[in-house]
Amino acid sequence: MEFAKLWKGQQKKSDCRGERVMCLHGYQDNCASFDNLISVLGGDHTCLCFDWPNHGGSSGTPLGARWTIENYALTIRRVADHVQWLSPFVCLGHSMGGQVAKLFAALYPERVSKLVLLDSGGPVAMYPEEIMWSARRANDELLRFEKRMTESTGGDSRPPPVYSYPEALDRIRRRAYGPLDDEPARTLMTRYLRPGPAGKYCLANDVRLGVPYSQWFSAAQHWDVVKNIRCPTLLIKASDSDSYYNDVYGVFVYLYRRNPNFRTVMVDGNHDVHMNNPSAVAMLVNKFLNNKLLSKL
């Protein structure tokens, strides 16, 4: 198995073998989140991973640009074209990466052979009357973060926080959706931090990732995305995420059931189960890629 990574400064094209799998990481993570999963995937695959713009080792976007899920979907197209993956390939996305992969598969169905969503619903469906409030909030937050980035004195300006290695590791382990084990946390740290002053570390991710933004689609618009996904699709739900699928992501459970191409399976663990228990997730992914997973949603 070949494990290819692309990031800023590296322009090497992958020498593909077997089925090609593009791995798309989640919000505020980086491509190292797939290291342990890829190491236990069976079969003959070429796995390509990269950091999203503004994440990890990738370059940032210019001031004034607000990066959206639509931009991320275009990033998949840019990367695939760059490495000349011009025929259909597998998209495997965790969390936000799955949301983007879902949109890409609907936009470019001729480019995706199979879709794997790792504990990924959403983005949260919005009512039309919420859009102006949400857009105003996002715009104001973007301006606030950019002010912090450009001002050298006064105002909201302050130096970026720095962490010792143990402090940074603890920050990574304490996840909103449940704790991350030590080994995957250390793996994620390789691209989560950059050297800071006095032997300490700064976060590598762009601070503008803190801007609240969701794809501003109503449930009806989300259905237009889901119904245009024509490839076999597997949703792997983490058992600890049941409350989310029964609440804010409930509409997606309904939408996925309406598309006959979707299948779902449950795996014990939290939102980061592909890092905490990669073997359990790899077994399901392998069965799906080998056309042996037939469980209905």
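Sequence positions, counted from 1, serve as the residue numbers for this chain.
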Visitor: Any side-chain donor paired with an acceptor under 3.5 Å for Asn36 and Ser39?
Guide: no
Visitor: Checking side chain to side chain contact (heavy atoms under 4.5 Å, CB included) for the pair Asn276/Val273: CA distance, chi angles, key distance, verdict?
Guide: CA-CA 5 Å; Asn276 285 330; Val273 65; 5.5 Å; no
Visitor: What's the verdict on side chain to side chain contact (heavy atoms under 4.5 Å, CB included) for Met149 and Asp206, showing C-alpha distance, side-chain angles and the deciding distance?
Guide: CA-CA 10 Å; Met149 295 170 68; Asp206 194 303; 4.1 Å; yes
Visitor: Has Arg208 got its NZ or CZ under 6.0 Å from the middle of the six-membered ring of Trp67, at an angle within 45 degrees of the ring axis?
Guide: no
Visitor: What are the two closest non-hydrogen atoms of Cys231 and Thr233, and how far apart are they?
Guide: O-OG1, 3.1 Å
Visitor: Are any of the side-chain heavy atoms of Gln99 and Ile69 separated by less than 4.5 Å?
Guide: yes
Visitor: Mind checking the CZ-CG spacing from Phe104 to Leu115? Nearest 0.5 Å is all I need.
Guide: 10.5 Å
Visitor: Would you say Lys237 and Thr264 make side-chain contact, with heavy atoms under 4.5 Å?
Guide: yes
Visitor: Roughly how far apart are Leu284 CG and Leu235 CG, rounded to 0.5 Å?
Guide: 11.0 Å
Visitor: Answer yes or no: does atom CG of Asn246 have more than 12 heavy-atom neighbours from other residues, nucleotides or ligands under 6.0 Å?
Guide: yes
Visitor: Any side-chain to backbone donor/acceptor pair from His82 onto Ala80? Under 3.5 Å, distance only.
Guide: no
Visitor: Under a 3.5 Å distance rule, please check whether Glu141 uses its side chain to pair with a backbone N or O of Ala138 as donor and acceptor.
Guide: no
Visitor: Are the side chain of Arg194 and the backbone of Leu203 linked by a donor-acceptor contact shorter than 3.5 Å?
Guide: yes
Visitor: Ignoring hydrogens and geometry, is there a side-chain-to-backbone donor-acceptor pair from Asn30 to Leu188 under 3.5 Å?
Guide: yes
Visitor: Check for me, please, whether Ile38 and Val267 land in the same ILVMFWY cluster - side-chain distances under 4.5 Å, paths through other members count.
Guide: yes
Visitor: Would His94 and Ser33 satisfy side-chain hydrogen bond (donor to acceptor under 3.5 Å, both in side chains), going step by step from the backbone distance to the final call?
Guide: CA-CA 9 Å; His94 170 241; Ser33 63; 5.6 Å; no
Visitor: Once you round to the nearest 0.5 Å, how far does CG of Asn71 lie from CZ of Arg78?
Guide: 9.0 Å
Visitor: When hydrophobic residues are tied together by side-chain contacts of less than 4.5 Å, even through go-betweens, does Leu169 share a cluster with Val162?
Guide: no
Visitor: Do Thr46 and Phe89 come within less than 4.5 Å of each other through their side chains, counting heavy atoms only?
Guide: no
Visitor: With side chains defined as the heavy atoms from C-beta onward, is the minimum distance between Ser59 and Asn54 less than 4.5 Å?
Guide: no
Visitor: Using the ring-ring contact (aromatic ring centres under 6.0 Å, His included) criterion, which residues pair with Tyr163? Sequence neighbours excluded.
Guide: none
Visitor: Atom CG in Leu63, atom CG in Leu143: separation rounded to 0.5 Å?
Guide: 11.0 Å
Visitor: Is it the case that the side chain of Asn261 and the backbone of Ile229 share a donor-acceptor pair, with hydrogens and angles ignored and the cut-off at 3.5 Å?
Guide: yes
Visitor: Do Asp119 and Ser95 come within less than 4.5 Å of each other through their side chains, counting heavy atoms only?
Guide: no
Visitor: Examine Met283 and Met275 and state if one hydrophobic cluster contains both, with Ile, Leu, Val, Met, Phe, Trp and Tyr joined whenever side-chain heavy atoms are less than 4.5 Å apart.
Guide: no
Visitor: Does Tyr254 have more than 12 heavy atoms from other residues, nucleotides or ligands lying within 6.0 Å of its OH?
Guide: no
Visitor: Could you measure the distance from the CG atom of Leu193 to the CG atom of Asn205? Nearest 0.5 Å is fine.
Guide: 9.0 Å
Visitor: Examine His25 together with Phe34 and report whether their ring centres are nearer than 6.0 Å.
Guide: no
Visitor: Looking at Arg137 and Asp140, is any side-chain nitrogen of the basic one under 4.0 Å from a carboxylate oxygen of the acidic one?
Guide: no
Visitor: Same cluster or not: Leu24 versus Tyr27, using hydrophobic residues (I, L, V, M, F, W, Y) connected whenever any side-chain heavy atoms lie under 4.5 Å apart?
Guide: yes
Visitor: According to the interplanar angle, ranging from 0 to 90°, do the rings of Phe262 and Tyr256 count as parallel (below 30°), tilted (30 to 60°) or perpendicular (above 60°)?
Guide: parallel
Visitor: What is the minimum heavy-atom distance between Met126 and Ser134, and which atoms define it?
Guide: CE-CB, 3.5 Å
Visitor: Does Val225 reach the side chain of Gln221, with side-chain heavy atoms less than 4.5 Å apart?
Guide: no
Visitor: So, taking the atom named CG in Leu41 and the one named CG in Leu289, what distance separates them when rounded to the nearest 0.5 Å?
Guide: 7.5 Å
Visitor: Any side-chain heavy-atom pair from Trp52 and Thr75 closer than 4.5 angstrom?
Guide: yes
Visitor: What are the two closest heavy atoms between Val251 and Ala125, and how far apart are they?
Guide: CG1-CB, 4.1 Å
Visitor: Are Tyr192 and Leu209 connected, step by step, through hydrophobic side chains (Ile, Leu, Val, Met, Phe, Trp, Tyr) whose heavy atoms are closer than 4.5 Å?
Guide: no
Visitor: So which heavy atom on Arg20 is nearest to which on Ser87, and how close?
Guide: NH2-OG, 2.7 Å
Visitor: Do other residues, nucleotides or ligands put more than 12 heavy atoms under 6.0 Å from Glu183 CD?
Guide: no
Visitor: So, are Arg175 and Asp29 salt-bridged, with charged N and O less than 4.0 Å apart?
Guide: yes
Visitor: If you compare all heavy atoms of Leu86 against all heavy atoms of Arg111, which two are closest, and at what distance to 0.1 Å?
Guide: O-NE, 3.6 Å
Visitor: Can you give me the closest heavy-atom contact between Ala73 and Leu107, atom names plus distance?
Guide: CB-CD1, 4.3 Å
Visitor: Per the ring-ring contact (aromatic ring centres under 6.0 Å, His included) rule, which among Phe217, Trp216, Tyr249 passes with His222?
Guide: Phe217
Visitor: Would you check if the side chain of Asn270 reaches a backbone N or O of Asp240 as a donor-acceptor pair within less than 3.5 Å?
Guide: no
Visitor: Do the two ring centres, one from Tyr244 and one from Tyr177, sit under 6.0 Å apart?
Guide: yes
Visitor: Determine yes or no for a side-chain-to-main-chain donor-acceptor pair under 3.5 angstrom, with Asn228 supplying the side chain and Asp224 the backbone.
Guide: yes
Visitor: Take Val265 and Phe288 through the test side chain to side chain contact (heavy atoms under 4.5 Å, CB included) and record every step on the way to the result.
Guide: CA-CA 10 Å; Val265 291; Phe288 177 67; over 6 Å; no
Visitor: Tell me, do Arg258 and Lys227 make a side-chain contact under 4.5 Å, heavy atoms counted?
Guide: no
Visitor: Can you tell me if Asn286 uses its side chain to pair, donor with acceptor, with the backbone of Ala282 under 3.5 Å?
Guide: yes
Visitor: With ring pair (Phe, Tyr, Trp, His ring centres under 6.0 Å) as the rule and sequence neighbours excluded, what pairs involving residues 122-147 come up?
Guide: none
Visitor: Passes side-chain hydrogen bond (donor to acceptor under 3.5 Å, both in side chains), Asn291 versus Lys114? Steps please.
Guide: CA-CA 10 Å; Asn291 301 311; Lys114 292 179 182 177; 2.9 Å; yes
Visitor: Quick one: does Ser164's side chain have a donor or acceptor within less than 3.5 Å of a partner on Lys200's backbone?
Guide: no
Visitor: For Gly122, is there any backbone N or O sitting under 3.5 Å from a side-chain donor or acceptor partner on Lys102?
Guide: yes
Visitor: Apply the side-chain contact (heavy atoms from CB on, under 4.5 Å) test between Met22 and each candidate in Val112, Leu92, Val90, Ile76; give the one that qualifies.
Guide: Ile76
